[in-house]
J.: 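My questions all concern the structure below.
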Amino acid sequence: MGILDSLLGMVGFGIGIPIGLFLGFFMFIYFRPRNVKKEGVTRSLNSIDSNSMIDIVPELPLWVMNPDYERVDWLNKFIIDMWPYFDKAACGIIKTTMDDLFAEYVGKYQIKSICFQRLTLGDLPPTIHGLKTQDSKENELVLDLSLRWAGNADICLAIKLLCLQLTVQMVDIQASAAVRMVLRPFVPTFPCFSSVAVSLMEKVNNSNISASRFLISSEELLYTLDILFARLQPKIDFGLRVMGGDIMSIPGLYQLVQEVIAKQVAKLYLWPQTYDLDILDSSIGAAKKPVGILNVKVVRAHKLLKMDFLGASDPYVKLSLTGERLPAKKTSVVMNSLNPVWCEDFKLIVKDPESQVLQLQLYDWEKVGAHDYLGMQVVPLNELIPYKKQEFTLDLLHSMHPDDPHNKKPRGSILVEMTFVPFLEDSLKYSGRIDVAGNGSCNNFHGNISLSGSGLLLVAVIEAKDVEGKKNHVSPYATILFRGDKRKTKSIKNTRNPVWNEEFQFLLDEAPVKDKIHIEVIAKRRRRLGFMTKESLGYVDINLADVVYNGHINEKYSLINSRDGSIHLVIRWKVI
């Protein structure tokens, strides 16, 4: 049996190998794998539409999508190299600016102290994805750029409330916006322009902040990206932690915070509102000075929107000039009316009638909560003829963007009367040589109206020297008191020789011949428990009669109640 088994095994092995090879060859030839995709057909980029391109590369820069925008890799390289220094400078400005704001809240609401625990913009700079130049005037350069920033900033605020210390941290800041920068005016001093005006060209829309927060289809995502690239809508997103907990995860709070930010950003920086950054010092002569007064009479409005469920709206008007950081002026509230009549007069200080714009915004007053927005309009000052009263009937719009769909809805109209009156010394610039006295000279006329005419009092606080307090480390600032109106400069930390270079304006109906102005230097310092204390370092009272008769004074005054302290002031009186 052993011999027979061995013989059968050899026969089976000899027959099995050829049969196995034959079956394996048959399966390899006739049974191909089904999970292998066919090789795609090579296509030219010119044959791919924009939606398909976005599907392939969703983060295409704007210079690819829009040929009007230029690629600026060189500028991004410059930003990368400059960013560490910009981070330190920006954080220093933020700390200096916010210290005065924090000081106003210390002692209120049981708050003992507020300070930055950590403040850094991170090491990831923003990126410019496209730049476009606009046709502009001879003395300015207008740049439109697409800006994106996904930074790793760490901003942590420590608030000491009674015996409890709260920490509020802002992280993961992301922003995307279409920004307009205006460099003006050109001057013969490097960098050849004196200021930069920055504004947003689209209203902040946070409904599409992050696609990962919503469950949407691929078609909807492509459509959203298409709209995003086409309209350059700004986006702002960040995380907010209180005591280490992410409060943005609270249902409803995220959307509420985003809506508040959208309204505030649009209110402050949406064109024609601008954020002006001075590049050159005013001593170079580049800073703009007031050249006249704009008289505005808000007469009435017609067929406004009805915002209240019961009754009509309660409208009022806000007036402001672009390029100014002063609070907007407001009319009175007309209760329960869609055709309100105000007939109220306002005076606004004009610095550049060629570029400034009067902005009119109408709101429906609410006793509780935010006031409802009714509409807006703008009037460029270059449309005004000096000394001539002009009447404008303006149809209200939702915004000044031509593609805003909300502008199709009728919002009523507003009637205003406007007159631009240059100062006497600037009148020749806008209306040619005027023989206002009738005898070939305006000198006598200036002497007569300087005592009786209305005008503008400008008080420039330049610097102080050798101011001393009870403590060695003081943070002095100056206060200006005139006719009950009190103004103050910024606070300069730890110095006995503060330099402010700040100017304050007082619009008057008559010359301040019999008035005095009180200017005082005050030191501010923090006690051990966090409370702020103030100490007078000296003051000076100045009779303004000399300013009215001479037009201006530029003097250094010794401070009263100060051993060696002095203050440098420049005061001018400009007559209409």
Side-chain angles (χ1 to χ4, degrees), residues 133-144 179-189 191-201 268-296 318-329 346-361 376-388 390 392 400 416 418-432 455-458 460 501-507 570 572 574-576:
T133 59
Q134 297 282 2
D135 295 335
S136 56
K137 302 175 184 178
E138 295 181 357
N139 63 339
E140 67 181 21
L141 176 63
V142 180
L143 302 175
D144 289 347
V179 181
R180 170 163 292 181
M181 299 177 59
V182 182
L183 313 181
R184 64 186 181 198
F186 294 149
V187 293
T189 304
C192 301
F193 57 89
S194 62
S195 64
V196 179
V198 182
S199 59
L200 295 176
M201 298 308 297
L268 296 175
Y269 305 116
L270 182 64
W271 190 91
Q273 296 286 354
T274 60
Y275 175 76
D276 295 326
L277 180 63
D278 294 330
I279 302 299
L280 297 179
D281 189 79
S282 59
S283 61
I284 302 176
K288 295 180 181 178
K289 300 298 182 181
V291 297
I293 301 296
L294 178 66
N295 297 304
V296 182
K318 294 175 65 174
L319 307 88
S320 61
L321 283 176
T322 57
E324 290 290 344
R325 302 179 185 178
L326 301 175
K329 297 182 180 294
F346 299 90
K347 295 181 182 293
L348 303 173
I349 300 171
V350 179
K351 293 183 178 179
D352 188 0
E354 295 298 323
S355 63
Q356 283 187 294
V357 175
L358 174 68
Q359 182 169 270
L360 303 166
Q361 294 177 316
M376 69 169 297
Q377 256 297 355
V378 297
V379 180
L381 299 192
N382 56 15
E383 297 182 1
L384 302 179
I385 301 174
Y387 305 104
K388 181 180 179 180
Q390 295 175 251
F392 296 88
M400 299 309 300
V416 294
M418 300 173 58
T419 308
F420 170 54
V421 183
F423 293 124
L424 183 63
E425 60 189 78
D426 300 300
S427 59
L428 298 180
K429 184 189 305 182
Y430 299 102
S431 58
L456 183 68
L457 181 67
L458 298 105
N501 279 325
E502 295 188 41
E503 186 177 72
F504 302 90
Q505 304 166 356
F506 301 88
L507 189 60
V570 178
R572 293 180 294 161
K574 304 191 74 170
V575 185
I576 295 178

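We number each residue from 1, following the sequence as shown.
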J.: For Gly292 and Phe420, work out which heavy atoms get closest and say how close.
T.: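 Scanning both residues, the minimum pair turns out to be CA-CE1, 3.9 Å.
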
J.: Could you report the tightest heavy-atom contact between Gln505 and Pro290, atom names first, then the distance?
T.: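 Taking every non-hydrogen atom into account, NE2-CG, 3.5 Å.
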
J.: Looking only at heavy atoms, which two atoms of Tyr387 and Thr419 are closest? And how far apart?
T.: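 That closest heavy-atom pairing would be C-CG2, 3.9 Å.
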
J.: So which atom in Ala328 and which in Lys318 form the shortest heavy-atom distance, rounded to 0.1 Å?
T.: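 Heavy-atom minimum between the residues: CB-CE, 4.1 Å.
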
J.: Sequence neighbours excluded, which residues qualify as ring pair (Phe, Tyr, Trp, His ring centres under 6.0 Å) partners of Phe392?
T.: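 None.
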
J.: If you measure from NZ on Lys329 to CG on Leu319, what distance do you get to the nearest 0.5 Å?
T.: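 Taking NZ in Lys329 and CG in Leu319, the distance rounds to 9.0 Å.
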
J.: Please report the interatomic distance CD(Gln377) to CD(Gln359), rounded to the nearest 0.5 Å.
T.: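 Spacing of CD (Gln377) from CD (Gln359) equals 10.0 Å.
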
J.: Report yes if the side chains of Met376 and Gln361 come closer than 4.5 Å at any heavy-atom pair, otherwise no.
T.: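 Met376 reaches Gln361 side chain to side chain.
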
J.: Would you say the side chain of Leu358 lies within less than 4.5 Å of the side chain of Val416, judging by non-hydrogen atoms?
T.: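 Sidechains of Leu358 and Val416: no contact.
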
J.: Mind checking side chain to side chain contact (heavy atoms under 4.5 Å, CB included) for Lys347 and listing every partner two or more places apart, or none if nothing turns up?
T.: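 Expected list: Ile293, Asn295, Leu507, Asp509.
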
J.: Using the test side chain to side chain contact (heavy atoms under 4.5 Å, CB included), find all partners of Ala460 that sit at least two apart in sequence or belong to another chain.
T.: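 Expected list: Ile462, Glu503, Val570.
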
J.: For Thr322 versus Ser355, what's the shortest heavy-atom pair and its separation?
T.: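 It is OG1-O, 4.4 Å.
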
J.: After noting the C-alpha distance and the side-chain angles of Leu294 and Leu384, does the key distance pass the side chain to side chain contact (heavy atoms under 4.5 Å, CB included) rule?
T.: CA-CA 10 Å; Leu294 178 66; Leu384 302 179; 3.6 Å; yes

J.: Within this structure, what is the CE-CD distance for the pair Met181 and Glu140, rounded to the nearest 0.5 Å?
T.: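 With rounding to 0.5 Å, CE (Met181) is 13.0 Å from CD (Glu140).
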
J.: When rounded to the nearest 0.5 angstrom, what distance separates CG in Leu456 from CD1 in Ile349?
T.: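 The distance works out to 4.5 Å.
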
J.: How long is the straight-line distance from CG of Leu457 back to CZ of Arg572, given to the nearest 0.5 Å?
T.: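 The CG atom of Leu457 is 10.0 Å from CZ of Arg572, to the nearest 0.5 Å.
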
J.: If we only count heavy atoms from C-beta on, is the Val179 to Leu200 side-chain gap below 4.5 Å?
T.: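 SC-SC contact between Val179 and Leu200 confirmed.
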
J.: Just by distance, do the side chain of Gln356 and the backbone of Lys351 share a donor-acceptor pair under 3.5 Å?
T.: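 Present.
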
J.: Quick check for you: to the nearest 0.5 Å, what is the distance between Ile385 atom CD1 and Gln390 atom CD?
T.: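 The distance works out to 5.0 Å.
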
